[in-house]
Amino acid sequence: MPELPEVETTRKGITPKVLNQTVQKVIIRQHQLRWEIPTSLPETLAGLVINKISRRAKYLLLKTNKGHLIIHLGMSGNLKILPRDTPPQKHDHVDIEFDNGWLLRYHDPRRFGAMLWTEEPIKTFKLLRHLGPEPLTDEFSADYFHRQCLKRKVSIKVLLMDNKCVVGVGNIYANESLSKSQILPTRIANSLSLQEAENLVKNIKVILEKAIEQGGTTLKDFSAPDGKPGYFVQQLAVYGRAGQDCGACGTPIQKIIQAQRASYYCSTCQN
DNA sequence: CAGCGCCCCTGCCCGC
DNA sequence: TGCGGGCAGGGGCGCT
């Protein structure tokens with residue numbers, strides 16, 4: 001479900017009801033996510049104030065003065081803000097209740113997500129330590145990206161989804177960025193010219209920013225914490241459009257599998 | 001280290 | 001209508 005724009009939409013959505021609020025109670029109905037939720041989390045969090053809500057890659061970071069609650073939504077997770085006594089439904093695994101009467105509810109059918117706690121500095125936390133730059137920062141520049149390309153022999157699509165190179169670009173936006181940049185997903189990374197890398201970097205930023213503006217992409221069941229769907233799905237040029245005509249030239253969109261993930265492209269527009 | 005394939009899990013859609 | 005197979009927005013991990 002969530003790539004960077006969806007996680008960012010979630011972060012913005014929960015902030016008004018969660019920031020500076022005190023945790024009153026934590027209910028865990030299902031501990032088994034990607035990693036087991038610490039059994040001690042309810043007692044750890046009780047009474048703590050969430051004093052910052054940020055994002056690193058696709059991880060949401062809820063800071064308290066004792067440590068960070070780290071939430072990942074995996075493929076199918078979402079967070080909802082609900083009135084405290086809303087009855088739970090299937091796959092509603094965790095509730096975090098606040099003093100202000102609102103509830104932060106974690107829902108994740110496939111349970112590929114995670115909810116972890118760390119008291120060490122967030123930058124050295126194991127899962128975050130080796131991550132590449134955020135795509136929407138200046139650190140993710142054409143020069144940087146082209147240097148990364150030159151030393152890699154994988155396809156450009158696979159490189160875009162490698163968190164050591166750049167974070168937050170998942171399958172939808174990798175395909176869409178390559179489409180907009182007129183680069184085939186199968187191109188070997190080190191074959192990109194500086195101009196192509198520059199263009200690709202620019203388009204990744206443009207597409208992610210536009211997707212954030214539109215509340216992300218709702219394919220099946222993603223929605224913001226207030227229940228609103230994301231509207232970027234209307235902008236998709238290639239993702240999920242196998243067999244349909246390319247909007248620019250009419251050639252049917254192709255679908256192939258790379259690294260166990262679907263890639264979509266126009267064989268006329270992309271080279 | 002780079003590259004690659006394997007999984008974790010549920011739900012839905014499609015073809016028979 | 002029922003059932004089996006394939007596929008889905010992620011990404012850490014273990015192997016070569």
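Just so we're on the same page: letters track the sequence lines, and every chain starts at 1.
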Problem - Any A:Tyr144 side-chain heavy atom under 4.5 Å of A:Val201 side chain - result: no

Problem - Among B:dA2, C:dG12, C:dA8, the nucleotide that comes nearest once only the side chain of A:Met75 is considered - result: C:dA8

Exercise for the section: Could you state the atom-to-atom distance from CD of A:Gln260 to P of C:dG6 in whole Å? Expected result: 15 Å

Exercise for the section: Using a heavy-atom cut-off of under 4.0 Å over every strand shown, decide if A:Ala259 touches base, sugar-phosphate, or nothing. Expected result: nothing

Exercise for the section: Whole angstrom is fine here: how far is it from CD in A:Gln148 over to C1' in B:dA2? Expected result: 13 Å

Handout entry: Nucleotide of B:dG3, C:dG9, C:dA8 approaching A:Arg152 most closely (side-chain heavy atoms)
Key = B:dG3

Practice task
Using a 3.5 Å limit on both pairing distances, list the dot-bracket string of DNA chain C from the 5' end; Watson-Crick and G-U wobble pairs count, crossing pairs take [ ], interstrand pairs take |.
Solution key: .|||||||.|||||||

Could you list the donor-acceptor pairs under 3.5 angstrom formed by side chains in residues 107-127 of chain A, with sequence neighbours left out?
residue  : atom : partner  : partner atom : Å
A:His107 : ND1  : A:Lys90  : O            : 3.4
A:His107 : ND1  : A:His91  : O            : 3.4
A:His107 : ND1  : A:Asp92  : OD1          : 2.7
A:Asp108 : OD1  : A:Ser76  : OG           : 2.6
A:Asp108 : OD1  : A:Gly77  : N            : 3.4
A:Asp108 : OD1  : A:Arg111 : N            : 3.2
A:Asp108 : OD2  : A:Tyr106 : OH           : 2.8
A:Asp108 : OD2  : A:Phe112 : N            : 3.4
A:Asp108 : OD2  : A:Gly113 : N            : 3.0
A:Arg111 : NH1  : A:Gln32  : O            : 3.0
A:Trp117 : NE1  : A:Glu119 : OE2          : 3.0
A:Thr118 : OG1  : A:Glu120 : N            : 3.2
A:Glu120 : OE1  : A:Thr124 : OG1          : 2.9
A:Thr124 : OG1  : A:Pro121 : O            : 3.0

Exercise for the section: Can you tell me which residue pairs pass the ring pair (Phe, Tyr, Trp, His ring centres under 6.0 Å) test with a partner in residues 35-57 of chain A, sequence neighbours excluded? Expected result: none

Handout entry: Sequence neighbours excluded - salt bridge (Lys or Arg N to Asp or Glu O under 4.0 Å) pairs with any residue from residues 186-210 of chain A
Key = A:Arg187-A:Glu196

Completion exercise
note: A:Gln258, atom CD; B:dG3, atom C1'; distance rounded to Å ~ 14 Å

Practice task
Using a 4.0 Å heavy-atom cut-off across all strands, classify A:Tyr173 as base, sugar-phosphate, or nothing.
Solution key: nothing

Practice task
Using the P atom on both, measure B:dG3 against C:dG9 and round to a whole Å.
Solution key: 23 Å

Problem - Nucleic acid footprint by protein, nucleotides 8-16 of chain B - heavy-atom cut-off 4.0 Å, B for base, S for sugar-phosphate alone - result: BBBS-----

Exercise for the section: Would you mind classifying the nucleic acid contact of A:Tyr59 as base, sugar-phosphate or nothing, using non-hydrogen atoms under 4.0 angstrom? Expected result: sugar-phosphate

Practice task
List the atom of A:Ser263, the atom of A:Gln258, and the distance in Å for their closest heavy-atom pair.
Solution key: OG-OE1, 2.6 Å

Practice task
Name the closest nucleotide to the A:Lys255 side chain, picking from B:dG3, C:dG10, C:dA8.
Solution key: C:dA8

Problem - Sugar-phosphate only, base, or nothing, as touched by A:Leu33 at under 4.0 Å among non-hydrogen atoms - result: nothing

Fill in the blank from the handout: When rounded to the nearest 0.5 Å, the distance separating CG of A:Asn51 from OG1 of A:Thr64 is 6.5 Å

Handout entry: A:Lys80 atom NZ, neighbour heavy-atom count above 12 within 6.0 Å
Key = yes

Problem - Nucleotide C:dG12, atom P - distance to NZ of A:Lys58 in whole Å - result: 10 Å

Hey, can you pull the donor-acceptor pairs under 3.5 Å for the side chains in residues 169-179 of chain A, sequence neighbours left out?
residue  : atom : partner  : partner atom : Å
A:Asn171 : OD1  : A:Lys157 : NZ           : 2.9
A:Asn171 : OD1  : A:Asn175 : ND2          : 3.4
A:Asn171 : ND2  : A:Ala262 : O            : 3.1
A:Tyr173 : OH   : A:Glu6   : OE2          : 2.7
A:Tyr173 : OH   : A:Thr217 : OG1          : 2.6
A:Asn175 : OD1  : A:Tyr264 : N            : 2.9
A:Asn175 : ND2  : A:Asn171 : O            : 2.8
A:Asn175 : ND2  : A:Ala262 : O            : 3.4
A:Glu176 : OE1  : A:Ala237 : N            : 2.7
A:Glu176 : OE2  : A:Ala237 : N            : 3.3
A:Glu176 : OE2  : A:Val238 : N            : 3.0
A:Glu176 : OE2  : A:Tyr239 : N            : 2.8
A:Ser177 : OG   : A:Tyr173 : O            : 2.5

Handout entry: Ionic contact status for A:Arg29 with A:Asp95, cut-off 4.0 Å
Key = yes

